[in-house]
Structure formats: C-alpha cells, structure tokens
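See structure below.
When a residue number appears, it is its place in the shown sequence, counting from 1.
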Amino acid sequence: MALLCVKMLFQKGGRFPNTHVSGSKAMRERGIGCVQSQDRAAQRHNPYAVAERSGKKVEQNN
C-alpha cells in the first residue's frame, strides 16, 4: 500500500492518479464514457417521454 501512495505522500499537493475512463482526455475526444455514467444518463427521467400503455399489446394492421 505504501508503494502505491509514494507520489501522494512525497509530492506537494500529490493525489492518487485519476484512472477513471472519463479522466482520460483521449477517451473523451473519442466519445467513450464510463458505463456507470451512461447508465445513470439512460435511467434519468425524461419529462418529454410518452407514457407506455399498460395491459395487452395492441397489434396494428398495415
């Protein structure tokens, strides 16, 4: 554990490196994001969404 935090302990203002996907500039430029962030955004309530009907599925004749 001590070897992992050498930079943090001995460098002024040292922190653990950000190894998260969203912390990488190259990944952000490619549009690659964190799965957790994408899941959070997908589950966010959309006020413009149309409510789904409950009950039996109605077939449409084309």
Side-chain angles (χ1 to χ4, degrees):
M1 184 66 175
L3 293 175
L4 294 173
C5 62
V6 168
K7 183 178 179 182
M8 186 184 82
L9 293 174
F10 295 111
Q11 187 178 36
K12 185 175 181 179
R15 297 184 225 167
F16 281 111
N18 185 3
T19 58
H20 204 261
V21 174
S22 63
S24 172
K25 183 179 177 182
M27 295 294 239
R28 284 192 309 259
E29 288 175 352
R30 293 179 182 162
I32 300 171
C34 173
V35 172
Q36 292 173 340
S37 300
Q38 291 174 352
D39 185 49
R40 190 178 316 117
Q43 291 183 10
R44 193 173 300 147
H45 175 70
N46 183 352
Y48 303 109
V50 176
E52 294 184 26
R53 294 181 183 176
S54 60
K56 294 183 179 181
K57 187 174 180 180
V58 179
E59 293 184 23
Q60 295 178 350
N61 296 329
N62 292 332

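Rounded to the nearest 0.5 Å, atoms SG (Cys34) and CZ (Arg28) are 13.0 Å apart. To the nearest 0.5 angstrom, Ser24 atom OG is 8.0 Å from Arg30 atom CZ.
Within a 6.0 Å radius of CD in Gln36, other residues, nucleotides and ligands contribute 12 heavy atoms or fewer.
Ile32 approaches Val21 most closely through the heavy-atom pair O-CG1, 4.1 Å.
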